Amino acid sequence: MLKTHYVPSEVEEGKYDSWVEKGYFTAGDKSKEPFSIVIPPPNVTGKLHLGHVMDTIPDDIIIRYKKMKGFDTLWVPGTDHAGIATQAKVEEKLRAQGISRYDLGREAFLEKAWEWKKEYAATIHEQWKKLGLSVDYTRERFTLDEGLSKAVKHVFVTLYNEGLIYQGERIINWDPELRTALSNIEVNHTDDEGEFFYFLYDVVGSKEKLIVATTRPETMFGDVAVFVNPKDKRFQHLIGKKVVNPANGDELPIMADSYVDISFGTGAMKCTPAHDPNDFNLSKKYALPVIKVMDETAHLLPIAGKYAGMDRYECREALVEDIKKNGHLDHIEKMVHSVGHSERSHCVVEPMLSKQWFVKMKPLAERVLAQQKGPGAVKFLPKRFAKVLTRWMENVDDWCISRQLWWGHRIPAYYNKETGEMIVSETEPDMTKYVQDEDVLDTWFSSGLWPFTTLGWPEKTADYERYFPTSVLVTGYDIIFFWVSRMVFQSLHFTDEVPFKEVVIHGLIRDEQGRKMSKSLGNGIDPIDVIAKYGVDALRYFITTNSTPGLDMRYSEEKLKSSENYLNKIWNATRYVEMQLGENYEPKPIDKKSLGILEKYILSRLEETVKKVSAKMEIYQFGQASSILYDFVYDDFCSFYLEMSKVSMEDPEKAETVKATLYKVIREIILMIYPYTPFIAEELYQSLPGAKESIMLESYPEFDKSLVSKAAEKEGDILKAILKDVRNYKSSHKMAPNASIKLVLTPKAPFKGIEAYFQRFLFAKTEVSKEAVLGDSFLYGKYTLFVQEDVDKETLKKRLEEEKEKLNFEISRSEKMLSNPGFVSKAPKEKIELEKSKLEENKTKLETCLERLKTL
RNA sequence: GGAUGCUUAGCUCAGCGGGAGAGCAUCGCCCUUACAAGGCGGGGGUCGUAGGUUCGAAACCUACAGCAUCCACCA
């Protein structure tokens, strides 16, 4: 027997381990159609947060649902080494102990990183277990696994041989703290307050001075020219002359290019090719020299003379001070401008000329764009996110993939120690003669291969053949660029298939005030704490049902609580059914001939619910599916049928049918809630007779059209309405709910035995009569209900007149609509039928109303 | 500069072409053996503004306003 209350921790205890032990999460039933998902692999950087819950619970719901629908479901779990993110964490930890990675050296540092990985992978496993994820542990992967590493090498070498990977000297984003290159999307731009320095440049051979403004004076040692716009009248006479660089006295040519914006700053722009991508382009166009002024830690190089060795900001301050002293500072302006910060170290990124490895994106992007135009396009839900992918692909730059880190896939390029000749190969050359490239690959390079490398590619394994392409991917809109796009182009290029047929995009979870959860605000929420307080099922239910796909949602204690209350409701409804069935109950199929009106009613509603919920589940609309089920559970089942069954059960003739009905309804409710809340569902399922070893072996409820009865629903609704009207009547007449009252129904009862329900739930004596009686009345189609009481005729008359008015208004509304040729010819049939039946009903009501008025 | 989303009850949000919904809050009545973490009943909204399409608009289109987010640029 179930307890009177749902206690999440007791329910959760032991279930997950038993599911794993029984092998329910292990895929491979060849008799069924495959359905597969790969997990968005969490980084081994720390513990999981609510964002991961948003990524994984929809996956779990889909997998559990599809399994019940008869698919051979595979959910591949795994983790991501997360190169730069993890390395930053490990370095941070070492720094706390006063050690730098350079003290340890590559080998020893990597050992530390592997220790870190082991520890955090264990944490992640613990959390998957808590969340109840039905992942197939026999197929778990890590991005640095041997198999995945081999695949990464294969991909690199293939792209290199195809000319799609090249080494080049270009301006890249440099993180001086982590001392590595970054790709464009690993740089976050924020509007920072800064200073705009206006310097005076002496024009050679003239008294004239040119004012040039810059935000980064420290780069002036690398200046090679000053540019103006050729159309700028102010400067035309200066083009071809020279100016003196106030930082070091070098003479710089004044050149003209339309790139310069006449209205920005002073209209004259200094050109520093080694530290600005646009300046670099100009230098190529005009064959200007390229001079680097900073090293990899953003300290000034010897070219900066007395400033050499200073940090970039130290240098800026000292240099501005010196220029001011010698009279070449015009003025300084405060300005807000967008500054690039490293996604991981948060320090200001330095654009810098550097030799790096790049992926040539254009051909790969074009393939994606072509695919997305055709019938085989990856389908996005919601649709609009498809545009995020294509827009990015249309404007993509080449991808800088080399990182000057140690934690990651080392680039398979080898250099001859003597000749310097380079070979790129999947197999190591003779390492006595060669050294390997020091750099590792961007972590997204390997995660971009995730959907197929996890299944064994490039080997043609059985899993790859069976489960690839995967069925669906669930992820946040924030990593469409980082991850989704890369999986799509890598997959198309290497497997000629899209990696997944559908992508379900969710929003981000914010705090209760709607702010982003972040470390610096300290407003992050640990899912483990939430689970301890409300149970994992409430968390799962809350996070998947309180939002619309693709939109952000707020964390809400209130809604977690109400989720838990809902589960408690289902718990207690099950408890009630359990009590009614009694011990040794043997489930029997519904005997359709024996059904009473109320049974027909609830079963009809149940079938409609099954149909609607399934339809929403199929399109991953979990919010909508759950709210349909919720309404059924509360309004139709708990508040109505279940209550009515208390009376029905007293009639021994009805009892068996009622039991069978209660059993079927509660069982299907449990099966429908199960994908959302597997722990409580398993517990409740097991408490019912006829349970299998686990709910995981059950099928999803099937829609049974033969149980749908609109007529029964209508009659049930009348009873529902009567209960509500009479209760409301009592309340508005200051009567206690349990005050006795006399009701008269004319001309007959909607169904046999209705009096018993009135007696029990309205404390009413009821009689059925052909004659109207004095008192207030309610109309239900052809039935009238009188509340027999002493009431003066005038008041009654007034009420009836009001009712008449209302009915006339409704009737004329319907008639107007039905006589509108536009409506009759264009509206769907059901709408017209509905309107006609409303009209009929109101006409009947009006007739009854008029009859009564005559008698008063 | 380009793009996208949001604006619905006091609060948080669903609904997205056929007569305004949920949770919480609020008011009234109830300890009725499924559930007081509950039950029953009630109050509360010209669905951001202005036009348009339609027999019919909260929903579709256009413009505007406010609030978010993303991309690009910023010498």
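Quick caveat, the model's predicted, so the values are computed rather than measured. Excluded from the calculations below are hydrogen atoms, water molecules and symmetry mates; all remaining heavy atoms, backbone and side chain alike, are included. Below, read A as the first sequence line, B as the second, and so on, with proteins coming before strands; counting in each chain starts at 1.
With hydrogens and angles left out, the side-chain atoms of A/Asn229 and A/Asp261 include no donor and acceptor closer than 3.5 Å.
Here the separation of B/G51 from B/G15, taken at their C1' atoms, is 25 Å to the nearest Å. Comparing the C1' positions of B/G45 and B/U7 gives an interatomic distance of 14 Å, to the nearest angstrom. Taking atom C1' in both B/G41 and B/C55, the straight-line distance is 38 Å, to the nearest Å.
Looking at heavy-atom distances under 4.0 Å, A/Tyr630 makes contact with sugar-phosphate atoms alone, never a base. Within 4.0 Å (heavy atoms only), A/Thr272 reaches no atom of the nucleic acid at all. Backbone-only contact: A/Thr214 has heavy atoms under 4.0 Å from sugar-phosphate atoms and none from a base. Nucleic acid contact for A/Pro821: none, since no nucleic acid atom lies under 4.0 Å from a heavy atom of the residue. Note on A/Tyr634: only backbone sugar-phosphate atoms sit closer than 4.0 angstrom, heavy atoms only; bases stay farther off. Across all strands, A/Glu835 comes closer than 4.0 Å to no nucleic acid atom at all (heavy-atom distances). Among the protein residues, A/Cys638 comes within range of the nucleic acid bases, having at least one heavy atom under 4.0 Å from a base atom. Nucleic acid contact class of A/Tyr566 (heavy atoms, under 4.0 Å, all strands): none. Contact annotation for A/Arg813: base contact, defined as any heavy-atom pair under 4.0 Å involving a base atom. When heavy atoms are screened at a 4.0 angstrom cut-off, A/Phe385 is found touching no nucleic acid atom at all. Across all strands shown, A/Asp261 has heavy atoms under 4.0 Å from base atoms, whether or not it also approaches the sugar-phosphate. Residue contacts shown for A/Val260 include a base, since a base heavy atom lies under 4.0 Å away. Using a 4.0 Å heavy-atom cutoff across all strands shown, A/Lys646 reaches at least one base atom of the nucleic acid.
In this structure, NZ of A/Lys383 is placed 13 Å from C1' of B/C16, rounded to the nearest angstrom. For the pair A/Lys838 NZ and B/G19 P, the computed distance is 6 Å after rounding to whole Å. Protein atom CG of A/Asn281 is 14 Å distant from nucleotide atom C1' of B/C73, rounded to whole Å. A/Glu810 places its CD atom 8 Å from the C1' atom of B/G19, with the value rounded to the nearest Å. Rounded to whole Å, the distance from CH2 on A/Trp392 to P on B/C71 is 11 Å. Atom CG in A/Leu389 sits roughly 14 Å away from atom C1' in B/C70 (whole-Å rounding). As a whole-Å value, the separation of A/Tyr541 OH from B/A22 C1' is 10 Å. For the pair A/Arg727 CZ and B/G41 P, the computed distance is 5 Å after rounding to whole Å.
Comparing B/C35, B/A75, B/U4 by their closest approach to the side chain of A/Phe196 singles out B/A75. Here the side chain of A/Asn572 is nearest to one of B/G2, B/G18, B/A34, namely B/A34. Relative to the side chain of A/Arg575, the nucleotides B/G18, B/U4, B/A34 differ in distance, and B/A34 lies closest. The listed nucleotides are B/C55, B/A75, B/A34; the one nearest the side chain of A/Asn820 is B/C55. The side chain of A/Glu558 lies closest to B/G23 when the candidates are B/G23, B/G38, B/G19. Counting only heavy atoms from C-beta on, A/Tyr259 has its side chain closest to B/C73 among B/C73, B/G39, B/G23. In the set B/C29, B/C35, B/G41, the nucleotide with an atom closest to the side chain of A/Thr4 is B/C35. Distance from the side chain of A/Asp276 is smallest for B/A75 among the nucleotides B/A75, B/U4, B/C35. Listed candidates were B/A36, B/A3, B/G5. Nearest to the side chain of A/His5 is B/A36.
In this entry B/U33 has no Watson-Crick or G-U wobble partner, no candidate having both defining distances under 3.5 Å. B/G1 is paired with B/C71 under the Watson-Crick or G-U wobble criterion, all donor-acceptor distances under 3.5 Å. Base pairing analysis places B/A14 opposite nothing; no Watson-Crick or G-U wobble pair with both distances below 3.5 Å involves it. A 3.5 Å limit on both hydrogen-bonding distances identifies no Watson-Crick or G-U partner for B/U46. Partner assigned to B/C40 is B/G28, using Watson-Crick or G-U wobble distances below 3.5 angstrom. The pairing partner recorded for B/C6 is B/G66, the criterion being a Watson-Crick or G-U wobble arrangement whose two distances lie under 3.5 angstrom. In this structure, B/G51 forms a base pair with B/C61, meeting either the Watson-Crick or the G-U wobble geometry with both donor-acceptor distances under 3.5 Å.
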Worksheet item: Passes side chain to side chain donor-acceptor pair (under 3.5 Å), A/Glu835 versus A/Ser814? Steps please.
Response: CA-CA 6 Å; A/Glu835 209 49 50; A/Ser814 289; 3.0 Å; yes

Item to complete: Apply the test side chain to side chain donor-acceptor pair (under 3.5 Å) to residues A/Ser183 and A/Glu186: give CA-CA distance (whole Å), side-chain angles for both, the deciding distance (0.1 Å), then the verdict.
Response: CA-CA 5 Å; A/Ser183 68; A/Glu186 286 169 302; 3.1 Å; yes

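Not one side-chain nitrogen or oxygen of A/Lys730 sits closer than 4.0 Å to the OP1 or OP2 atom of B/C40. At least one side-chain nitrogen or oxygen of A/Asn728 sits closer than 4.0 Å to the OP1 or OP2 atom of B/G42. OP1 or OP2 of B/G38 has at least one side-chain nitrogen or oxygen of A/Asn565 nearer than 4.0 Å. Distances shorter than 4.0 Å separate none of the side-chain N or O atoms of A/Lys831 from OP1 or OP2 on B/G17. When the side-chain nitrogen and oxygen atoms of A/Ser639 are compared with OP1 and OP2 of B/C40, one or more of them lie within a distance under 4.0 Å.
Within the 4.5 Å cutoff, the side chain of A/Ile666 has heavy atoms near those of the A/Phe637 side chain.
Ion pairing of A/Asp257 with A/Lys285 is present here, as a side-chain N (NZ or NE/NH1/NH2) and a carboxylate O approach within less than 4.0 Å. A salt bridge is absent between A/Glu643 and A/Lys720; no separation between the charged side-chain nitrogens and carboxylate oxygens falls under 4.0 Å. Salt-bridge formation is not detected for the pair A/Glu193/A/Lys334: no Lys NZ or Arg NE/NH1/NH2 atom is positioned less than 4.0 Å from an Asp or Glu carboxylate oxygen.
For an aromatic pair to be called close, the ring centres must be under 6.0 Å apart, and A/Tyr286 with A/Phe227 satisfies this. Under the 6.0 Å cut-off for aromatic ring centres, A/Phe196 and A/Tyr198 qualify, their centroids lying closer than that. Aromatic rings from A/Tyr566 and A/Tyr541 are positioned such that their centres are separated by under 6.0 Å.
The side-chain contact (heavy atoms from CB on, under 4.5 Å) test with A/Phe542 singles out one residue from A/Glu564, A/Met553, A/Glu557, A/Lys561, and that residue is A/Met553.
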Give each protein N/O atom lying under 3.5 Å from an N/O atom of nucleotides 13-15 of chain B, with the pair distance.
{"from": "B/C13", "atom 1": "OP1", "to": "A/Arg554", "atom 2": "NE", "distance (Å)": "2.7"}
{"from": "B/A14", "atom 1": "OP1", "to": "A/Thr548", "atom 2": "OG1", "distance (Å)": "2.7"}
{"from": "B/A14", "atom 1": "O5'", "to": "A/Thr548", "atom 2": "OG1", "distance (Å)": "3.4"}
{"from": "B/G15", "atom 1": "OP1", "to": "A/Gln624", "atom 2": "NE2", "distance (Å)": "3.2"}

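Judged by distance alone, with hydrogens and angles left aside, A/Lys826 brings no side-chain donor or acceptor close enough to the base of B/C55 to form a pair under 3.5 Å.
The 12-atom threshold is not exceeded at CD of A/Glu583, counting heavy atoms of other residues, nucleotides or ligands nearer than 6.0 Å.
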